[in-house]
Amino acid sequence: MDNLILSEIENNVLTITMNRFDKKNALNTIMYQKLCDAFKLAKSDASIHCVLIQGNEHCFCAGNDLADFLEHANDEEELAAFSFVKTLANFTKPIVAAVAGPAVGIGTTMLLHCDMVITTENAKFKLPFSQLGLCPEAASSVLLPLRVGHNKAFELLVLGQLFTGQQALNYGIANSCSDAEHLLSTAKQTAESIASLPADATQTSRKLMKQATQAQVLNAIETEGAEFSRLVKTDTCKKILASFFN
C-alpha cells in the first residue's frame, strides 16, 4: 500500500497523484496520512512553489473509503480525513487540481481549497452528505455558499444533486473544462506557470485573498467536525452506511 499516493517534484511543482484506481481513488486512513505528509513537505520546502493534485484522465476521487471510514469512525483520535482538511485549510502555497470522472464528497470539497481547478466534461461531482445521514465537511458549508449562493449550495450539499464538469465551471468551482486527453498536461502547464512566478508574490497574493474568510473557514471545520462526529454515531447514519455492505 506504499504507492497509493505518489509524489514527484519537477520545475518547482509538487505533483501529488492519488493512485488507487481499482477503488476509484476512495481515500482511506493511510492515503489521508500520506496526503498530509505531502502537503506538509510542500509547505516547508522553499523550492516547491505550487502543488498539483490529480488522479488520472478518468478518475479523480470517489470520496471516503466507507469500510475504512466505519472502522475508524468510533476512534477517540481525530479522523485522518479531518487532519487532511485542516492541513489543506492552513496550506500557504497555490494548489492546482486536475479533475476527471468521479469527484464525490471530499473529492469535491477539497477543490474549494484549491486556487485553480481544471476539469473535464466527463467529471461527475456529487456531495451526498445528507443521503448518508451526515453533514458538510471541509468548510464546504461556508465556502460553497460563497461561490454559488445559499440556494444553489443547499441544492448541492443537501439534495446532493450530481453536477458535471461544465456546471462546475459555470458555478465557479472550476477554472476551465478540458478534454480528458489533455487534462493532466493542461493542469501541469498551469501549475508550472504559477511556479515560475516570484514565489513570495504569489504566496502573499494568495494569503491576502484568503484573509477575509480564513478565520471563518477554520471555525467551520471545527464546527462541522463536531456535528459530523455526532451524526456518524446516530442509528440513522449507521443503518445507511451498513446498507452499502449488505
Side-chain angles (χ1 to χ4, degrees), residues 25-27 32 53 55 60-64 66 69 79 81-91 94-177 206 208-232 234 236-237 240-241:
N25 283 336
L27 296 172
Y32 278 123
I53 186 165
F60 183 63
C61 174
N64 276 309
L66 289 181
F69 177 76
L79 286 171
F82 290 136
S83 297
F84 171 58
V85 164
K86 290 179 181 179
T87 299
L88 270 183
N90 287 297
F91 193 64
I95 309 171
V96 177
V99 183
V104 180
I106 188 69
T108 292
T109 58
M110 75 167 79
L111 303 177
L112 301 173
H113 296 272
C114 296
D115 303 287
M116 294 195 71
V117 176
I118 317 300
T119 187
T120 63
E121 290 287 353
N122 76 339
K124 302 296 182 188
F125 299 83
K126 189 171 177 62
L127 297 162
F129 301 117
S130 293
Q131 289 96 325
L132 297 174
L134 295 168
C135 66
E137 36 83 327
S140 56
S141 62
V142 168
L143 293 173
L144 195 59
L146 286 175
R147 298 283 181 94
V148 304
H150 172 84
N151 289 24
K152 179 58 69 173
F154 186 92
E155 176 185 327
L156 300 179
L157 281 169
V158 178
L159 292 181
Q161 302 239 343
L162 186 79
F163 58 104
T164 66
Q166 184 60 50
Q167 287 174 304
L169 177 60
N170 295 340
Y171 296 157
I173 295 170
N175 293 78
S176 63
C177 203
R206 184 183 192 271
L208 291 170
M209 283 187 277
K210 287 182 173 288
Q211 67 178 346
T213 58
Q214 183 68 0
Q216 191 179 9
V217 164
L218 295 176
N219 181 65
I221 288 172
E222 295 297 333
T223 305
E224 290 170 351
E227 295 293 355
F228 198 99
S229 296
R230 177 184 66 81
L231 286 167
V232 78
T234 63
T236 298
C237 181
I240 293 170
L241 294 179

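No hydrogens, no waters, no symmetry mates; every other heavy atom, side chains included, goes into these values.
Under the 3.5 Å distance criterion, the side-chain polar atoms of S141 are left unmatched by any main-chain donor or acceptor of P136. Side chain of S229 to main chain of A226: no donor-acceptor pair is present (N/O by atom type, distance under 3.5 Å, no hydrogens or angles). The backbone N or O of A153 sits nowhere less than 3.5 Å from a side-chain atom of R147 that would complete a donor-acceptor pair. Judged by distance alone, with hydrogens and angles left aside, the side-chain atoms of E137 form no donor-acceptor pair with the main-chain N or O of I221 at under 3.5 Å. When atom types are taken as modelled, the side chain of N25 and the backbone of A62 share no donor-acceptor pair closer than 3.5 angstrom. Between the side chain of T108 and the main chain of A103, a donor-acceptor pair closer than 3.5 Å is present. Counting only distance, with no hydrogens or angles, the side chain of H113 and the backbone of A138 share a donor-acceptor pair below 3.5 Å. In this structure, the side chain of Q161 does not engage the main chain of E155 through any donor-acceptor pair within 3.5 Å. Judged by distance alone, with hydrogens and angles left aside, the side-chain atoms of K126 form a donor-acceptor pair with the main-chain N or O of G160 at under 3.5 Å. Proximity of a side-chain donor or acceptor of N64 to a complementary backbone N or O of F69 within less than 3.5 Å is not detected.
Looking at every heavy atom in both residues, I240 comes nearest to G133 through CD1-N, 3.8 Å. Taking every heavy atom of both residues into account, T120 and G101 meet most closely at OG1-N, 4.3 Å. For the pair V142 and E224, the tightest heavy-atom approach, listed with the atom from each and the gap, is N-OE2, 4.5 Å. Shortest non-hydrogen contact noted between G105 and P128 is N-CD, 3.9 Å.
Note that OG1 of T109 is 9.5 Å distant from CG of L144, once rounded to the nearest 0.5 Å. To the nearest 0.5 Å, the span separating CD on Q166 from CG on N122 amounts to 13.0 Å. Separation of atoms CG (L88) and OG (S83) is listed at 11.5 Å; rounding is to 0.5 Å. The structure places OG of S140 at 11.5 Å from CG of L146, a figure rounded to the nearest 0.5 Å. Between N170 atom CG and K152 atom NZ the span is 10.0 Å, to the nearest 0.5 Å. Residue K210 holds its NZ atom at 11.0 Å from CZ of F91, rounded to the nearest 0.5 Å.
A perpendicular orientation is assigned to the rings of F82 and F228, their planes being inclined by more than 60° (bins at 30° and 60°).
For the side chain to side chain contact (heavy atoms under 4.5 Å, CB included) test with Y32, the passing option among L27, V85, L79, T87 is L27; the others fail. Applying the side chain to side chain contact (heavy atoms under 4.5 Å, CB included) test between C177 and each of I118, V117, V99, L169 identifies L169 as the sole match.
Annotation: side chain of N175 is not in contact with side chain of D115 (no heavy-atom distance under 4.5 Å). For the pair T119/F125, a side-chain contact is recorded, criterion being any heavy-atom separation below 4.5 Å from C-beta on. No side-chain heavy atom of C237 sits under 4.5 Å from any side-chain heavy atom of L132. Put simply, the side chain of V158 does not reach to within 4.5 Å of the side chain of Q131, judged on heavy atoms. Two residues are said to be in side-chain contact when any heavy atoms from C-beta on lie closer than 4.5 Å; M110 and I53 meet this criterion. Counting heavy atoms from C-beta outward, L134 and V232 have side chains that approach closer than 4.5 Å. In this structure, the side chains of L218 and K86 stay at 4.5 Å or more apart for every pair of heavy atoms.
A donor-acceptor pair shorter than 3.5 Å cannot be found between the side chains of E121 and T164.
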Could you give me the CA-CA distance, side-chain angles and deciding distance for L111 and F60, then say whether side-chain contact (heavy atoms from CB on, under 4.5 Å) is met? CA-CA 11 Å; L111 303 177; F60 183 63; 3.9 Å; yes
